[in-house]
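Read the structure below first, then the notes.
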Amino acid sequence: MLDKREFYINGKWVKPAKANDFAVVNPSTEEECATISLGDQADTDAAVAAARAAFDSWSQTPREERMALIEKLAEIYKARQEEMAQAMSMEMGAPIELSRNQQVGAGSWHIGGFINAFKDFSFEKDFTATEKTLLEPIGVCALITPWNWPMNQIILKAIPAIATGCTVVLKPSEIAPLSGALFAEFMDEAGFPAGVFNMLNGDGPGVGSQLSSHPDVDMVSFTGSTRAGIAISKAAADTLKRVSLELGGKGANIIFEDAHPKAAKAGAIRCFRNSGQSCNAPTRMLVHKSRYDEAVQMAADVATNTHVGPASEEGQHIGPVVSEAQFNKIQGLIEVGMSEARLVAGGLGRPDGLNRGYFVKPTVFADVTNDMTIAQEEVFGPVLSIIPFETEEEAVAIANDTPYGLTNYVQTEDDEKRRRVARRLRSGMVETNGQGFAQGSPFGGYKQSGNGREGGIYGLEEFLEVKAVSGWVAAE
């Protein structure tokens, strides 16, 4: 079993101020795979103090030097990618193939995107002939990241913060902390100055709240549940620090009558990916009535034929959900769904042949109405709700009838309709006809899906303050 009790603070691995052991559980086996320590106020204070002390020097470091270190980090990340894949697969249950290709790949993709964005990024803009607008690092940033896409979220926060001249304190999820500790090793190996990057473990009520309310933290960037995002916002209010939130989602996948014949199949596969543990998953499938029965059967076939197995198993399949608490939550919502709608695939309990591990049957509900619990609550598991519609107006109304607004999806061969509907959907992202987003595209949501944007130029700007300076050039 791994011993990962130490924190990375001020360029060194240090012991916690006091012991507070926490077991990390492998969700495929329900066995402890590592031990970490949850930080205390003294640990939080030490990490913030290190970041504060390093800020002045780092913020004034030439951009070329900062970029050289990030490029070195990218090389280390690539060289040690198998270690990272194994860590994420063990801690949060991503099948090893998905972990290698998508979980690790998301991190390298975003590092490359930030390097490209940074090359031409201007920190100074001429406002008038005599006035200059400066973009300056906001200061010490607390980065609180989730367990479902660990490297995706750590890199979306840490790289732009550090590139723009901020210093950071990372608190990865205590449920999946091994990847965060490994990333701290990468940062150390790359040679970032002491205090620029700090990492300590802790839970939300402990280190999470301490960072959110800390007077020497200038910004909190958080990804996780809407409930936790509200708590962080309240904790940060007394110090009026900036809070950037990427929260939950309940994406609608609108399949019009002229959509691709396999649109429903692709949508179901996308919903179940990563065991449904993605905030941007298309968990509500809205299908035109002319295609409805076909879509229900297609989604049910996908669910029935989706192989579920341990994360260590090679090949394409879905693994467990991350924890017992998550498993129980999903089972409870499936049970509610069975009382509300028509179950066409999956249901309660583990898949056949699996009597240990937090495995959930890929589940499909049909004849769902948007007022049902399973249509409104974020399940965060491999559960799909299918809703019929008749008109474009009705589809847009159903899609927007949610407290969330992260990602919606549109499937139609009518380009004018596709663009028209995309404009009307109240979400930060709209994916159309299966076309993925470009590197550096802004990621974030409307409403209770949060605020702020991550990725590329938008991600860099998130960590900057705007300063106006008059008389930069003397008036003639």
Side-chain angles (χ1 to χ4, degrees), residues 248-273 275-278 280-306 308 318 321 329-349 351 360-412 421 424-427:
K250 195 70 179 177
N253 184 13
I254 305 175
I255 299 177
F256 286 99
E257 60 269 40
D258 63 343
H260 190 280
K262 295 184 178 179
K265 178 180 180 179
I269 292 170
R270 181 73 174 272
C271 175
F272 299 148
R273 186 180 72 171
S275 301
Q277 299 172 125
S278 299
N280 61 348
T283 53
R284 291 183 298 153
M285 184 181 287
L286 280 52
V287 185
H288 189 269
K289 283 193 173 181
S290 66
R291 300 279 298 274
Y292 183 73
D293 291 341
E294 164 202 338
V296 169
Q297 185 60 56
M298 199 173 287
D301 290 343
V302 170
T304 302
N305 294 320
T306 296
V308 183
I318 68 171
V321 296
K329 174 196 169 188
I330 294 165
Q331 294 298 305
L333 286 168
I334 290 175
E335 187 170 20
V336 170
M338 291 170 67
S339 70
E340 293 181 321
R342 176 164 60 100
L343 178 70
V344 296
L348 294 170
V360 175
K361 295 176 183 178
T363 296
V364 178
F365 289 106
D367 304 343
V368 176
T369 57
N370 207 52
D371 59 345
M372 292 178 180
T373 300
I374 52 171
Q376 289 294 313
E377 288 198 25
E378 185 181 35
V379 180
F380 227 61
V383 178
L384 175 65
S385 297
I386 307 182
I387 303 171
F389 72 86
E390 292 189 17
T391 67
E392 179 182 322
E393 284 292 325
E394 184 185 9
V396 171
I398 294 171
N400 287 337
D401 181 20
T402 171
Y404 298 107
L406 188 59
T407 310
N408 284 309
Y409 302 78
V410 179
Q411 320 293 336
T412 176
V421 172
R424 296 185 63 194
L425 294 173
R426 298 289 296 164
S427 58

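Note that the numbering runs from 1 along the sequence shown for the chain.
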Okay, side chain of E378, backbone of G249: is any donor-acceptor separation there less than 3.5 Å? yes

Using only atom types and a distance under 3.5 Å, with no angle test, would you say the side chain of E257 pairs donor to acceptor with the backbone of R291? no

Judged by atom type as modelled, is there a donor-acceptor pair below 3.5 Å linking the side chain of N408 to the main-chain atoms of N400? no

Give a yes or no on whether R273 atom CZ has more than 12 heavy-atom contacts from other residues, nucleotides or ligands under 6.0 Å away. yes

On a heavy-atom basis, the closest approach of G248 and L406 is O-CB, 4.0 Å

Can you give me the closest heavy-atom contact between P382 and I318, atom names plus distance? CB-CD1, 4.3 Å

Rounded to the nearest 0.5 Å, what separation is found between the NZ atom of K361 and the CG atom of L348? 7.5 Å

Separation between OG (S385) and CG (L286), nearest 0.5 Å, reads 10.0 Å

Evaluate the criterion side-chain contact (heavy atoms from CB on, under 4.5 Å) for residue pair Y409 and N280; output intermediate values, then yes/no. CA-CA 10 Å; Y409 302 78; N280 61 348; 4.2 Å; yes

Crowding at NZ, K329 (>12 non-hydrogen neighbours, <6.0 Å): yes

For atom CD of E335, is the number of surrounding heavy atoms from other residues, nucleotides or ligands below 6.0 Å larger than 12? no

Measure the shortest side-chain to side-chain distance between V410 and L425 over non-hydrogen atoms and say whether it is less than 4.5 angstrom. yes

Between the CG atom in L384 and the CD1 atom in I269, the distance rounded to the nearest 0.5 Å is 11.5 Å

Compare every heavy atom of A303 with every heavy atom of P362, then report the nearest pair and how far apart it is. O-CB, 3.6 Å

D301 versus Q297, side-chain donor and acceptor atoms under 3.5 Å: yes

Using only atom types and a distance under 3.5 Å, with no angle test, would you say the side chain of N370 pairs donor to acceptor with the backbone of D401? yes

Checking D367 against Y292: is there a side-chain donor and acceptor pair closer than 3.5 Å? yes

Gap between atom NE2 of H288 and atom CD of E392 - 0.5 Å precision: 10.5 Å

Chi angles and distances behind the side-chain contact (heavy atoms from CB on, under 4.5 Å) call for K250, V379: CA-CA 9 Å; K250 195 70 179 177; V379 180; 3.9 Å; yes

Looking only at heavy atoms, which two atoms of P282 and C271 are closest? And how far apart? O-CB, 3.8 Å

Please report the shortest heavy-atom distance between P403 and Q376, naming the atom on each side. CD-OE1, 3.4 Å

Consider side-chain contact (heavy atoms from CB on, under 4.5 Å). Of T306, T283, V360, V308, which one does F272 pass it with? T306

Of R284, Q411, R270, which meets side-chain hydrogen bond (donor to acceptor under 3.5 Å, both in side chains) against N253? Q411

dist K265:NZ -> M298:CE (nearest 0.5 Å) comes out at 8.0 Å

Closer than 3.5 angstrom, by distance alone: can the side chain of T402 be matched with the main-chain N or O of Y404 as a donor-acceptor pair? yes

Point-to-point distance, once rounded to the nearest 0.5 Å, from CG of L333 to CD1 of I374: 9.0 Å

How far apart are the C-alpha atoms of F380 and V321, what are their side-chain angles, what is the distance that settles it, and do they pass the side-chain contact (heavy atoms from CB on, under 4.5 Å) test? CA-CA 9 Å; F380 227 61; V321 296; over 6 Å; no

Where I398 and P388 come nearest, the two heavy atoms and their spacing: CD1-O, 4.2 Å

Backbone N/O of E394 and side chain of T391: donor-acceptor pair under 3.5 Å: yes

Measure the shortest side-chain to side-chain distance between F365 and R342 over non-hydrogen atoms and say whether it is less than 4.5 angstrom. no

